[in-house]
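Heads up, the thing below is written out as C-alpha cells.
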Amino acid sequence: MEWANSLDPREQERLLRERYPHLLEEPRREERAAERGLPPLPGAREGGVVTRFAPNPDFVIHIGNARPAILSHEYARMYRGRMVLRFEDTDPRTKTPIREAYDLIREDLRWLGVRWDEEYIQSLRMEVFYSHARGMLERGCAYVDLCGEESRELLRSGRACHTREREPEWQLEQWDRMLAGEYGEGEAVVRVKTDLSHPNPSVRDWVALRIIDTERYPHPLVGSRYRVWPTYNFAVSVDDHLMGVTHVLRGKEHQVNTEKQLYVYRCFGWEPPVFIHFGRLKLEGFIMSKSKIRRLLEENPGKFLGYDDPRFGTIAGLRRRGILAEAIRRVILEVGVKPGDATLSWSNLAAVNRKLLDAAADRVMFVEDPVWLEVEAGGGCLEAEIPYHPDRPERRRTIRVCSGDEVGLTRQDASRGEVRLMGLGNFRVAQGRLELVNTSLDYARSRRLPIIHWTPRRGAVPMEVLEPVELEFRVHRGYAEPAILEYGPDSRLQLVRFGFARIDEVASGAVRAFYTHP
RNA sequence: GCCGCGGUAGUAUAGCCCGGCCCAGUAUGCGGGCCUUUCGAGCCCGUGACCCGGGUUCAAAUCCCGGCCGCGGCACCA
C-alpha cells in the first residue's frame, strides 16, 4: 500500500488499468447512483403533478424555506407537472405583509433556479374565499360564532357556542352582517364544524374567517378594502384545491394543519392532495429566524448590513457571501424529504460550493497585512506572467517588477528565508530586501521552496476581506495586486492561499469583499 | 401537561416498508501520502455510526415491547 501511495497518480491509474480494469468501471456506476436524485413521489404520475410554494411575504426567505421551494420545483419538473407560487398574505394584523417582500421573494426564488408556472396572491382573491365560506355555511359545515371569548372556554371542554346549532339560513344572514361590517374584531368568526372531542383542542371547530380592523391595520396591497379575512387553514384548503395542487410539500409544523384542512375537503367532497411533511432544516452557525433577524436589525442600527447581511442564513445573505445557488440546491436535494430534522454543517455547504467555485473563480493575489520588501534583481526587471485560472493558461496578466521596486509578502512568508514568488522568481529574504537568486522553476521545485503569493507595491489596491464569525466580522486588511480592479461587485474569486471571496463593493480604488470559505 | 413525529460516524444521507447479500454504502470533515508555480483543486490510503434495554428468530440497523433523548403542534399566525 505504501508502495502504491508513493506512485504518481498517472502511474497508479496506468497500473490499475493494466492489472485490474474492472475496478475502473466501478466509479462510473457509483457516480450515476449518486446523481439519482429524489425518491419517487407517492401517487405521482407523469404530467399530473402540481406542487406549490406558499410563502408569507412578511420577510425574505431563508435556507429553511428554500427546502420546500426547491423540492416542490424539483418534483414538478421531475414529473413534467406545474408549480404554483402563492403569496399567503391574509393576516394584515399580526403578520403584516411587507410590500417589498413580494419582489424580494420572487428574486430569491429566481436566483435559486426555482421557476413557477403560475402565481397567485391571496389578498387579491378575497371573493373566492367569501364564496367558499358561504358554501361551507350553506352545507352546514360551518357556523358563525357570536360567543366571542367564551367560545375558547367552551371548546376546551368539548362544547361549543350555541349558534353552532342554528340553521344555514340564519348562518348566511349572520355572514352577510359580518361582511356588511356590523361586527367588530372578535365579535363574530366563522368556525368549521369538526369533532368536538378531537384530542387537539385547536382542531375543535377551528376558525376559518375572522374580522380584522383594516382601518387600523391596513393591508399593503388592498388597504382597508376588506374586513373579513380567511385564516391560513381555510385559504390554503380552498386554493390548493382550486389550483389543482396534487402534492403539498411542507414542514412538519403543518401536520396539525393538515388535519384541519381535511375538514374543508370533506365538506365540499374534494379529493385531498398528498401531504408530505419534512423536518426543520438549520444551517450550523447561522441565524435564520425572521423575528431574531428583525430584532437584531432594529436593536443594532449600523451593525448589520440588512436582511442580506452575510452573517444571516437568508438566501440573500448566503448569496452575498458568495454561496452559489447550485450549492444550495445540491445540499437541499441531498437532505431530501425525511421527516427528521437536519442541521447542515457549514463545512459541508462550503465543500459543495468550493467544488463549483473552483472551476469558475479566477485566482488573484491578496496579501493580508503585508511586509514591503525592496527587490534586488541585479539592476534589471522581471516580468511575472500569471494565468487567472490554472485550467485556462491563455488568460493571463503580466506584472513587471524592477530592482528597487517594493513587493508585499505576508509576515509569515517574509520570515521564510528562501521563497518563490509565484510567477516571478526565487528570492532570498535578507536585511529587509528580496535578493533574486534565479527565476528557474525547477530550482524552486528541487529546493522545495514555498511558492507564495505577493503583490507589487506600485498599483496595489487596498482591500478588506470581511469574514463572518458568528455575529461579528473578522476583518482582514491588506493589499491586492492591481488586477483585482478588473473585477466588479458580485465577482467571486479565489484569493490565492487565502480563500474564496466575493467582491461586494469597489469604491474609490478600494475593494471590500466577503470571505466565502477556505 | 396533552397530541404527533423522529433518533445510522462531527455533519448530511443510503439501507429499514419486503429480516440474511451490512462486522453497514456514499459525501463532507479529520489524519497521512502523491501530484500541482496556491495552505485551492485532483488522485490514493486511513479514521469514524446503527440511542439504550429486553423480546421474536437459525439470523435484526431492519419486526415487537419498554425506556431515554430530540423536534413539531396545542392562535381569531402563517
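Convention: sequence-line order gives letters A, B, ...; per-chain numbering from 1.
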Touch class at under 4.0 angstrom, heavy-atom based, for A:G186 against every strand present: base

Euclidean distance, atom CG of residue A:D391 to atom C1' of B:A41 [Å, nearest integer]: 8 Å

Ring centroid separation A:F498 to A:H476 under 6.0 Å: yes

Sugar-phosphate, base or nothing in reach of A:F498, heavy atoms under 4.0 Å: nothing

From B:U11, B:G40, B:G10, nucleotide with atom closest to A:F500 side chain: B:G40

A:R280 CZ to B:G73 C1', straight-line distance once rounded to whole Å: 11 Å

Separation between the C1' atoms of B:C22 and B:C3, rounded to whole Å: 37 Å

Proximity to the side chain of A:N348 - top-ranked nucleotide from B:C39, B:A27, B:C74: B:A27

Nearest-angstrom distance from the residue atom NZ of A:K338 to P of B:A14: 6 Å

A:N257 (side chain) and B:A78 (base): donor-acceptor pair under 3.5 Å: yes

Spacing between A:N200 atom CG and B:G72 atom P, to the nearest angstrom: 16 Å

Touch class at under 4.0 angstrom, heavy-atom based, for A:R420 against every strand present: base

Inter-residue atom distance A:R447.CZ - A:D442.CG, 0.5 Å rounding: 13.0 Å

Separation between the P atoms of B:C52 and B:C30, rounded to whole Å: 28 Å

Complementary nucleotide of B:C63, counting Watson-Crick and G-U pairs under 3.5 Å: B:G55

5′-ward residue of the pair A:E259/A:I451 relative to RNA chain B: A:E259

Identified pairing partner of B:G19, criterion: Watson-Crick or G-U wobble below 3.5 Å: none

Nearest heavy-atom neighbours spanning A:D195 and A:Y263: N-OH, 3.5 Å

Sugar-phosphate, base or nothing in reach of A:R416, heavy atoms under 4.0 Å: base

Touch class at under 4.0 angstrom, heavy-atom based, for A:G148 against every strand present: base

Nucleotide opposite B:C74 in a Watson-Crick or G-U pair, distances under 3.5 Å: B:G1

Nearest atoms (heavy-atom pairs only) where A:V407 meets A:W454: CG1-CE3, 4.1 Å

d(CG, A:L344; P, B:A27) in whole Å: 18 Å

Sugar-phosphate only, base, or nothing, as touched by A:V189 at under 4.0 Å among non-hydrogen atoms: base

Pair A:W175 + A:Y130: ring centers closer than 6.0 Å: yes

Closest to side chain of A:T90, choosing from B:A78, B:C74, B:G73: B:A78

B:U38 - base-pair partner by Watson-Crick or wobble geometry, distances under 3.5 Å: none

Minimum-distance nucleotide (side-chain atoms of A:P339 versus B:U13, B:G6, B:A78): B:G6

Donor-acceptor pair between A:N426 and A:E418 side chains, under 3.5 angstrom: no

Residue A:K355, side-chain atoms from C-beta onward, closest of B:G40, B:G42, B:A14: B:G42

Rounded C1' spacing from B:A60 to B:G53 in Å: 15 Å

Closest nucleotide among B:C39, B:C74, B:C77 to the A:R210 side chain: B:C77

Nearest-angstrom distance, P atom, B:C44 to B:C5: 44 Å

Gap in Å between the two C1' atoms, one belonging to B:G40 and one to B:G48, rounded: 26 Å

Nucleotide opposite B:U13 in a Watson-Crick or G-U pair, distances under 3.5 Å: B:G25

Check: A:Y479 ring centroid to A:F366 ring centroid under 6.0 Å: no

Residue A:A342, side-chain heavy atoms: nucleotide from B:U13, B:U38, B:A27 that is nearest: B:U13

Of the listed nucleotides B:U28, B:G40, B:G72, the one nearest the side chain of A:Q494: B:G40

Whichever of A:R156 and A:P230 has its nearest RNA chain B nucleotide further upstream toward 5': A:R156

Interatomic distance where CD belongs to A:E284 and P belongs to B:A12 [whole Å]: 9 Å

Between B:C35 and B:C71 - C1' atom distance, rounded Å: 46 Å

Rounded C1' spacing from B:C16 to B:U8 in Å: 10 Å

Touch class at under 4.0 angstrom, heavy-atom based, for A:H198 against every strand present: nothing

Counterpart base for B:C69, defined by Watson-Crick or G-U wobble contacts under 3.5 Å: B:G6

Sugar-phosphate, base or nothing in reach of A:E88, heavy atoms under 4.0 Å: sugar-phosphate

Sugar-phosphate only, base, or nothing, as touched by A:R354 at under 4.0 Å among non-hydrogen atoms: sugar-phosphate

For atom CD of A:E150 and atom C1' of B:C76, their distance in whole Å: 16 Å

Contact under 4.0 Å: A:R152 side-chain N or O vs B:C76 OP1/OP2: yes

C1' atoms of B:A9 and B:U28, separation to the nearest Å: 12 Å

Closest heavy-atom pair and its distance - A:S151, A:R191: CB-NH2, 3.8 Å

Validation row, ring centre A:H162 to ring centre A:Y143 under 6.0 Å: no

B:G31: pairing nucleotide in any strand, Watson-Crick or G-U under 3.5 angstrom: B:C45

Interatomic distance where CG belongs to A:N353 and P belongs to B:U28 [whole Å]: 14 Å

Closest to side chain of A:D358, choosing from B:G70, B:A41, B:A12: B:A41

Candidate nucleotides B:C77, B:C3, B:U38, ranked by approach to the side chain of A:T94 - the nearest: B:C77

